[in-house]
Amino acid sequence: MELTGQSFLGSRRGAAHATSFHAVNPQTGEALAPAYHPASLAEVDAAVQLASQAFASFSQTSGRQRAAFLRRAADGITARQQELAERAHLETALPMPRLLGEAGRTANQLRLFAALVEEGSWVQARIDPPLPDRQPIPRPDIRSMLRPLGPVAVFGASNFPLAFSVAGGDTASAFAAGCPVLVKAHPAHPGTSEIVADILTQAAAAEGLHPGVFTMLFDSGIDVGSALVRHPLVRAVAFTGSLRGGRALMDLAAARPDPIPCFAEMSSGNPVFILPSALRRDPSQLAASLFGSFTLGAGQQCTKPGIVLVAGAPGDQAFLDALRSLVQSAAPATLLTADIAHTYARTTEARALDIPLAAASPAPQAASTCLAQTKIFTVCLEEFLGKPHLEDEIFGPNTLLVHCGEPGDFLRAAHSLEGHLTATILGDDEDLAAHRELIQLLERKAGRLIFNGVPTGVDVGHAMVHGGPYPSTSDSRFTSVGSLAIYRFARPVCFQNCPQALLPPELQDTNPLGIARLIDGKPEKLTA
């Protein structure tokens, strides 16, 4: 398609304003056509008004109708995945195989939510039948289920131009819940965003939905995003990005006259605990596995292992030597943007003045402003405990090794940790059983516990949790990946003594959708 650089306001496009910005190829520094025009505040208001109008009808659509929309959007992404990957490659320098895979993941998660809402039991329908003879007070007929919140503002992420962006998990789960979506496109990959927005707009039109079900706004700064969060008709916010950005949106959402939920996925060091048995087994393979994990995607994954706690045991020196060798022979990494590369260089240089730099890859010789060195730092446990800032995430290809000597050191380290998306434990069955207390403690520190694997890689399914205590997310009760993500955008509504004809189908006595329900607190027996 021919890119225009203009926002999507339902079925029409935004204006071409005087101010503009360009996507930049991280490998060459070249500005990519076309120029992109930030939405005006008037266009932000028009978009939200349109979404609010759409909510009246979209919230009343059946699960089958929303499933058809989601599947049509998924089919559109599949049909244009080559076009999407090629543009995303120009804008992010991420490799084509990764981007083609990400396009498939984006389509598949749309289909996952389609299947979820088509089946329908996610609404958690509950029926407490009337008890007119109950003493001392009769019980009325009480029925409840989950209903959509309203228009949702979604912020595209820099590091996943498809799976956590315009049609990513936040958008898919909000659509599935029955909420119109307003996307603030990420300025690092506006062309990719425009193609996906075109797919969603066409899908909504083909399914006969109100055009305000989906809008997308461009901006290279914070004005559009701030206006979206402050707008009184926006009912929730979803964000994936830095702690600084997420915290700013959380504060804006909380400071409104009517505060709204802000579901932010932010900063995580994803600690890895290497037990003695893991070091004894194969230190070289262990080093290769961890190196591949913290350099995957140039270290720009939200589940990158940024803290590695190593037991003092036979094999620890061989592990460290193998890891140093891998780092020292690594090619320069291309980061997503010049700003990210500048921040990475500044923060890793500051860390090298604070604690020992154990190894670094050769300094880049090319002139690109997006190139970065791979680095590992090392510190003893006492210094790690005495410098809480060492837990801070540094976005890019680096990690911190923390040397633990005594048997109780892992517990001391775990007690000091903030919230993380993941925590990983490596060791054999006997070693894991001996560290049961550590595992129980890490359950309070992370949303996902990983045994004998690496944290990078998030499967999209029904059991996945991609969340964790602050500062990894703003609300550890929820996940941004997997079918459970739908619960961020719904709220319980109770119907008391409502006539059968006015009840949603999910709550009618005949259960016309055949969904799983609770009747007086017990699972309803469904007939074949």
Side-chain angles (χ1 to χ4, degrees), residues 243 246-247 250 264-279 286 290 293-294 302-313 315-316 319-320 347 351 354-356 358 376-395 398-456 465-479:
L243 176 58
R247 183 70 212 208
M250 288 171 60
E265 188 248 283
M266 301 174 289
S267 173
S268 183
N270 306 298
V272 175
F273 292 79
I274 302 179
L275 306 184
S277 57
L279 284 169
L286 176 61
L290 278 171
S293 185
F294 79 78
C302 47
T303 52
K304 180 198 74 178
I307 305 168
V308 180
L309 300 106
V310 186
D316 60 348
F319 163 74
L320 182 57
T347 52
R351 176 163 285 189
D354 189 28
I355 61 172
I376 52 172
F377 300 87
T378 185
V379 70
C380 68
L381 176 62
E382 296 304 324
E383 192 166 10
F384 178 74
L385 296 177
K387 295 180 175 180
H389 61 274
L390 293 178
E391 195 176 345
D392 294 347
E393 178 187 22
I394 298 180
F395 197 61
N398 73 102
T399 196
L400 170 66
L401 301 181
V402 181
H403 294 284
C404 299
E406 299 298 322
D409 282 353
F410 281 154
L411 281 175
R412 293 176 62 206
H415 274 292
S416 75
L417 293 174
E418 295 183 312
H420 294 271
L421 295 171
T422 73
T424 300
I425 310 101
L426 306 176
D428 62 22
D429 288 350
E430 183 179 354
D431 225 353
L432 291 172
H435 288 82
R436 185 180 301 273
E437 187 178 354
L438 171 65
I439 294 168
Q440 293 171 345
L441 176 55
L442 292 176
E443 183 184 336
R444 307 201 300 266
K445 299 288 185 174
R448 178 164 56 116
L449 303 187
I450 300 160
F451 297 86
N452 291 317
V454 293
T456 41
V465 173
H466 189 63
Y470 184 86
S472 63
T473 72
S474 57
D475 194 331
S476 64
R477 295 172 297 173
F478 297 96
T479 173

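Only a predicted model underlies this, so the values are computations on that prediction, with no experimental measurement involved.
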Next on the checklist: Looking at every heavy atom in both L441 and L411, which two are closest together, and how far apart are they?
Outcome noted: CD2-O, 3.9 Å

Next on the checklist: On a heavy-atom basis, which atom in S472 and which in G467 lie closest, and how many Å separate them?
Outcome noted: OG-C, 4.4 Å

Item to check | Spacing of OH belonging to Y470 relative to NE2 belonging to H420, to within rounding of 0.5 Å | outcome: 12.5 Å

Item to check | Donor-acceptor pair, side chain of T378 and main chain of A358, under 3.5 angstrom | outcome: no

Item to check | Derivation and outcome, side chain to side chain contact (heavy atoms under 4.5 Å, CB included), residues N398 and I376 | outcome: CA-CA 5 Å; N398 73 102; I376 52 172; over 6 Å; no

Checklist entry - Does a side-chain heavy-atom distance below 4.5 Å link N270 with I450? => result no

Checklist entry - Donor-acceptor pair, K445 side chain versus H415 backbone, under 3.5 Å? => result yes

Item to check | Partner residues of E437 under the salt bridge (Lys or Arg N to Asp or Glu O under 4.0 Å) criterion, sequence neighbours left out | outcome: none

Checklist outcome for this item: All heavy atoms of L275 vs all of F410, minimum pair found to be CD2-CE1, 3.3 Å

Checklist entry - Heavy atoms, side chains only, cut-off 4.5 Å: are S268 and C302 in contact? => result no

Checklist entry - Do D354 and H389 have side-chain N/O donor and acceptor atoms under 3.5 Å apart? => result yes

Checklist entry - Hey, does the side chain of D316 reach the backbone of G312 with a donor-acceptor pair shorter than 3.5 angstrom? => result no

Checklist entry - Considering only heavy atoms from C-beta outward, does the side chain of S267 approach that of D392 to under 4.5 Å? => result no

Next on the checklist: I'd like to check P271 versus T424 (side-chain heavy atoms, cut-off strictly below 4.5 Å). Are they in contact?
Outcome noted: no

Checklist entry - If you take all heavy atoms of A414 and L438, which pair is closest and at what distance? => result CB-CD1, 3.7 Å

Checklist outcome for this item: So OG1 of T422 and CG of L449: to nearest 0.5 Å the spacing works out to 9.0 Å

Next on the checklist: Do F377 and T399 have side chains that approach each other closer than 4.5 Å (heavy atoms only, starting at C-beta)?
Outcome noted: no

Checklist entry - Does H403 reach the side chain of F384, with side-chain heavy atoms less than 4.5 Å apart? => result no

Checklist entry - Got a donor-acceptor contact below 3.5 angstrom from the K304 side chain to the F294 backbone? => result no

Item to check | Check against salt bridge (charged side-chain N to carboxylate O under 4.0 Å, His left out), R412 and E382 | outcome: CA-CA 10 Å; R412 293 176 62 206; E382 296 304 324; 2.8 Å; yes

Next on the checklist: Distance check, rounded to the nearest 0.5 Å: T479 atom OG1 versus D475 atom CG?
Outcome noted: 11.5 Å

Item to check | F478/E265 under side chain to side chain contact (heavy atoms under 4.5 Å, CB included): CA gap, chis, key distance, verdict | outcome: CA-CA 10 Å; F478 297 96; E265 188 248 283; over 6 Å; no

Checklist outcome for this item: When every non-hydrogen atom of G447 is compared with those of P469, the smallest separation belongs to N-CD, 4.4 Å

Checklist entry - Which heavy atom in G427 sits nearest to a heavy atom in S277, and how many Å separate them? => result CA-OG, 3.3 Å

Checklist entry - Taking side chain as C-beta onward, heavy atoms only, is R448 less than 4.5 Å from L421? => result no

Checklist entry - Any side-chain heavy atom of E391 sitting closer than 4.5 Å to one from E418? => result yes

Checklist entry - How far apart are the C-alpha atoms of L309 and V272, what are their side-chain angles, what is the distance that settles it, and do they pass the side chain to side chain contact (heavy atoms under 4.5 Å, CB included) test? => result CA-CA 6 Å; L309 300 106; V272 175; over 6 Å; no

Next on the checklist: If I take atom NZ from residue K387 and atom CD1 from residue I355, how far apart are they, to the nearest 0.5 angstrom?
Outcome noted: 7.0 Å

Item to check | Under 3.5 Å: donor-acceptor pair, side chain of D431, backbone of D428 | outcome: no

Item to check | Chi angles and distances behind the side chain to side chain contact (heavy atoms under 4.5 Å, CB included) call for L432, I425 | outcome: CA-CA 8 Å; L432 291 172; I425 310 101; 3.4 Å; yes

Checklist entry - For T303 and T456, does a side-chain donor sit closer than 3.5 Å to a side-chain acceptor? => result no

